[in-house]
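Since the structure comes first, as structure tokens, the remarks are kept for the end.
Indexing begins at 1, ligand by ligand and atom by atom, following the structure's order.
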Amino acid sequence: MKSPMEEAHAMPVTSFFPVAGIHKLIAIFLVVLSWILVHKWSLRNQKGPRSWPIIGATVEQLKNYHRMHDWLVEYLSKDRTVTVDMPFTSYTYIADPVNVEHVLKTNFTNYPKGEVYRSYMDVLLGDGIFNADGEMWRKQRKTASFEFASKNLRDFSTVVFREYSLKLSSILSQACKAGRVVDMQELFMRMTLDSICKVGFGVEIGTLSPDLPENSFAQAFDAANIIVTLRFIDPLWRLKKFLHVGSEALLEQSMKLVDDFTYSVIRRRKAEILQARASGKQEKIKHDILSRFIELGEAGGDEGGGSFGDDKSLRDVVLNFVIAGRDTTATTLSWFTYMAMTHPAVADKLRRELAAFEAERAREEGVALADAAGEASFAARVVQFASLLSYDAVGKLVYLHACVTETLRLYPAVPQDPKGIVEDDVLPDGTKVRAGGMVTYVPYSMGRMEYNWGPDAASFRPERWLSGDGGAFRNASPFKFTAFQAGPRICLGKDSAYLQMKMALAILFRFYTFDLVEDHPVKYRMMTILSMAHGLKVRVSTSV
Ligand code: HEM
């Protein structure tokens, strides 16, 4: 009898590796190999980070998530279009104005917000203008454009922006006296939140009152914004949402707070409208943006009013305007202040423009400038200066305008803006894009590309916006300077934002100087808006 060992040796090799099994293994190996080759072949012309089968460039992107805008700058300075593969989709990033014009204007209908973006942002933006396409977008655009063009709103905004800039000034003046460090980004956020609530919805929420009250709405809104941005690179977000765990559980809590605040604003506004009607005082119905949408909702009909009949649609309007008007303007003001602190020659030139403007306006108005020595006199002088900042006069501050625009070129409040793709298309530079993917124009990268702005693209130089002779402001093509987007969906609040920013900055830089707190880290945080991760901590002093 043979031992088990001998039996094993006597067995044909194929008993351990059956023939059919080997064929299967070889077949699988060949399929995988050809799949890898096809994958490599299909990527032969693709520019961007290395892509691996199935996971694409996820690992590299995750590793660079905290510095994603600069990571894209590195790739886009080598190639004007780069593609980043992700599991089941791919993102194409563009920085060439010719491609941007194609996406934002020439073939506009092929590049809507799209379902992917919509599904990620729905919890925050709902059906609001930022998240809508087609008819729903057109109706809101029409109503909002009409409002923004109205002289009523412009005059009202001028008064509100001046009032809130003065409130900010008196907080700074107190901080100065107490030698207190302030976080300028936080103060700007409070100022712009109060302003948008007043101009947009006719309510006074008082976050900029002297005691700087806690603001749970603002905190919850920021948390929600960060988490929805994370969804773009977190393949597990749907699972977390389903299980109510991690970031998605926090998102749910934050949204509850945000919604409670928003619905209370709507209820308050509706009650005020009813009260004004009941007392026969029609003129008391204010002409803020929310009231206009409420009236439209009641009217229904062709103007698209029927879409705003319920509180959920109004909630979407409110939150979209908060995101449009608050964070964008506040972050631009923060980066501006940082640029002025780190570019003293620019700050000096700006101060000279503001002092000359003040003298000139006082002459025009026939008023003597108040003495600024002493606390009360200083405050009076600031108020006097603010009163000289009429809507038309603000337009004369050309260097300030150039400084704001230069800030937006390097630190655009919306650093990247993705669009969906309806049908396969070929971009003007020959890049093929697939239906269902995403194309993103990247203002942050575009502003830093030498092929767009010349060899000094990375330098902060407001003079690039001024003509050599006479120093008039020179606009750039909106497809090259994309901070406000371009084409049919160009920002509706651009003029209003410049008005508010220039009003606040004129007062701040006429009367104060800012010094960054030593070792305070200034870097961006990854969210839809380019805000500063640690705020902007400064010491303030007065200077007249
Ligand atoms: C520095 C300030 C601002 C910047 C840089 C800015 C930039 C932008 C950008 C890039 C978009 C396109 C966003 C997208 O496609 O999702 C946009 C859209 C929009 N902005 Fe602004 N914005 C600013 C201030 C404002 C203000 C103050 C308001 C109004 C109160 C406003 C109202 C809007 C609206 C309503 C849209 C949507 C337009 C549409 O989709 O048709 N923006 N803005």
Kindly say whether S169 contributes a backbone atom to a donor-acceptor pair with the side chain of Y512 at under 3.5 angstrom?
yes
I'd like to know if E74 pairs up with R67 as an ion pair, taking the criterion as any Lys NZ or Arg NE/NH1/NH2 lying under 4.0 Å from an Asp or Glu carboxylate oxygen.
yes
Nearest non-hydrogen protein atom, atom 15 (O) of ligand 1
D417 OD2, 2.8 Å
Under 3.5 Å, N or O to N or O, is W137 touching ligand 1 that way?
yes
When you measure from atom 38 (C) of ligand 1 to every protein heavy atom, which one gives the shortest distance, and what is it?
R141 NH1, 3.3 Å
Near K419, which atoms of ligand 1 are under 4.0 Å from a heavy atom of that residue?
15 (O)
Could you name all protein N, O or S atoms found under 2.8 Å from atom 21 (Fe) of ligand 1?
C491 SG
Note: ligand 1 atoms sitting under 4.0 Å from heavy atoms of M501 are 1 (C)
Could you point out which residue of D327, I226, D222, T229 forms a side-chain contact (heavy atoms from CB on, under 4.5 Å) with I529?
D327
Quick one: does any side-chain atom of Q140 pair with a main-chain N or O of I129 as donor and acceptor, under 3.5 Å?
yes
Pair K312 + D316: basic N to acidic O under 4.0 Å
yes
Quick one: does S264's side chain have a donor or acceptor within less than 3.5 Å of a partner on F261's backbone?
yes
Return yes when R326 approaches ligand 1 closer than 4.0 angstrom through a heavy atom, no otherwise.
no
Before accepting this row, confirm whether a basic side-chain N of the pair R238/E248 lies closer than 4.0 Å to the acidic partner's carboxylate O.
no
Restricting to side-chain contact (heavy atoms from CB on, under 4.5 Å), what partner residues turn up for A324, sequence neighbours left out?
F130
With heavy atoms only and a cut-off of under 4.0 Å, state how K142 meets ligand 1: side chain, backbone, both or neither.
neither
Salt bridge between D456 and R464, side-chain N to carboxylate O under 4.0 Å?
yes
Distance-only N or O hit between ligand 1 and T482, under 3.5 Å
no
Return yes if some donor-acceptor pair links the side-chain N/O of T207 with the main-chain N/O of R190 below 3.5 Å, else return no.
yes
Looking at atom 29 (C) of ligand 1, what's its closest protein heavy atom, distance included?
F148 CZ, 3.4 Å
Any donor and acceptor pair, going by atom type alone, linking the side chain of T431 with main-chain N or O of L427 inside 3.5 Å?
no
Nearest protein heavy atom to atom 5 (C) of ligand 1, by residue and atom, and its distance?
A483 O, 3.5 Å
Among non-hydrogen protein atoms, atom 30 (C) of ligand 1 lies closest to I196 CD1, 3.5 Å
Thinking salt bridges, do D259 and R315 make one under a 4.0 Å N-O criterion?
yes
Tell me: protein heavy atom nearest atom 1 (C) of ligand 1, and distance?
T332 OG1, 3.4 Å
Keeping the roles fixed (side chain from R448, backbone from A458), state whether a donor-acceptor pair exists under 3.5 Å.
no
Main chain of A223, side chain of S254: is a donor-acceptor contact present, judged purely on distance under 3.5 Å?
no
Is it true that K113 lies under 4.0 Å from ligand 1, counting heavy atoms only?
yes
For ligand 1, is Q500 a contact, meaning one of its heavy atoms is under 4.0 Å away?
no
Would you say R489 and ligand 1 have an N/O pair spaced under 3.5 Å apart?
yes
So which protein heavy atom does atom 19 (C) of ligand 1 come closest to, and at what separation?
F130 CZ, 3.6 Å
Would you check the N or O atoms of Y441, main chain and side chain alike, for any that come under 3.5 Å of an N or O of ligand 1?
no
